[in-house]
Amino acid sequence: QLAPMARCAAGPAGWHDVETEQPALVHTLHSFACASADRCTGWAGYEAGASSSMSYLYTMEWQGGEWAFTRDARAIAR
């Protein structure tokens with residue numbers, strides 16, 4: 001269930017929903033920018049419990065009445 005960030009809190013076991021007390025998966029977005037009205041890029045990852053993902057560069061393009069997301073699979077750093 002998608003919830004606003006205001007319902008999420010970090011605790012010793014990781015993020016959780018303060019209303020339901022269920023574990024939460026928090027998506028992180030940064031350096032989001034749009035070159036035009038139909039093409040944007042940004043970095044995204046997630047945090048869940050004590051785990052987190054690497055940030056990946058995504059390109060979002062408006063195609064056929066919907067947003068299409070493409071992830072850049074290159075490793076930026078090792």
Side-chain angles (χ1 to χ4, degrees):
Q1 177 182 355
L2 192 59
M5 185 64 182
R7 278 183 39 190
C8 297
W15 289 93
H16 67 278
D17 184 315
V18 296
E19 287 185 14
T20 67
E21 293 299 322
Q22 295 294 314
L25 184 141
V26 175
H27 289 275
T28 56
L29 306 170
H30 50 95
S31 301
F32 186 82
C34 296
S36 65
D38 58 359
R39 187 171 195 281
C40 303
T41 58
W43 293 87
Y46 69 86
E47 294 180 39
S51 300
S52 63
S53 73
M54 295 184 351
S55 288
Y56 289 98
L57 178 62
Y58 286 87
T59 300
M60 293 75 67
E61 295 181 284
W62 187 252
Q63 300 174 348
E66 62 186 20
W67 287 102
F69 291 77
T70 305
R71 186 177 93 180
D72 188 329
R74 294 178 291 176
I76 304 302
R78 293 201 186 271

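Keep in mind that the numbers below use all heavy atoms, side chains included, and drop hydrogens, waters and symmetry copies.
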Report the distance from atom CZ of Arg39 to atom CD of Glu61, rounding to the nearest 0.5 Å. 5.0 Å

Same hydrophobic cluster for Val18 and Met5, using side-chain heavy-atom links shorter than 4.5 Å among ILVMFWY? no

Keeping the roles fixed (side chain from Thr41, backbone from Thr59), state whether a donor-acceptor pair exists under 3.5 Å. no

When you look at Tyr56 and Arg74, which way does the side-chain contact (heavy atoms from CB on, under 4.5 Å) test go after all the steps? CA-CA 8 Å; Tyr56 289 98; Arg74 294 178 291 176; over 6 Å; no

Roughly how far, to the nearest 0.5 Å, is CG of Leu25 from CG of Asp17? 12.5 Å

Under 4.5 Å between side-chain heavy atoms, counting indirect links through other Ile/Leu/Val/Met/Phe/Trp/Tyr residues: same cluster for Trp62 and Phe69 or not? yes

Under the rule for side-chain hydrogen bond (donor to acceptor under 3.5 Å, both in side chains), what residues qualify as partners of Ser36, not counting sequence neighbours? Asp38

Here the ring-ring contact (aromatic ring centres under 6.0 Å, His included) pairs for residues 7-27, sequence neighbours left out, are none

Close side-chain approach of Glu47 and Thr28, heavy atoms under 4.5 Å: yes

Cys34: which residues meet the disulfide bond (SG atoms under 2.5 Å apart) condition with it, sequence neighbours left out? Cys40

Between atom CE of Met60 and atom CD of Glu66, what is the distance when rounded to the nearest 0.5 Å? 14.5 Å

According to the interplanar angle, ranging from 0 to 90°, do the rings of His30 and Trp43 count as parallel (below 30°), tilted (30 to 60°) or perpendicular (above 60°)? parallel

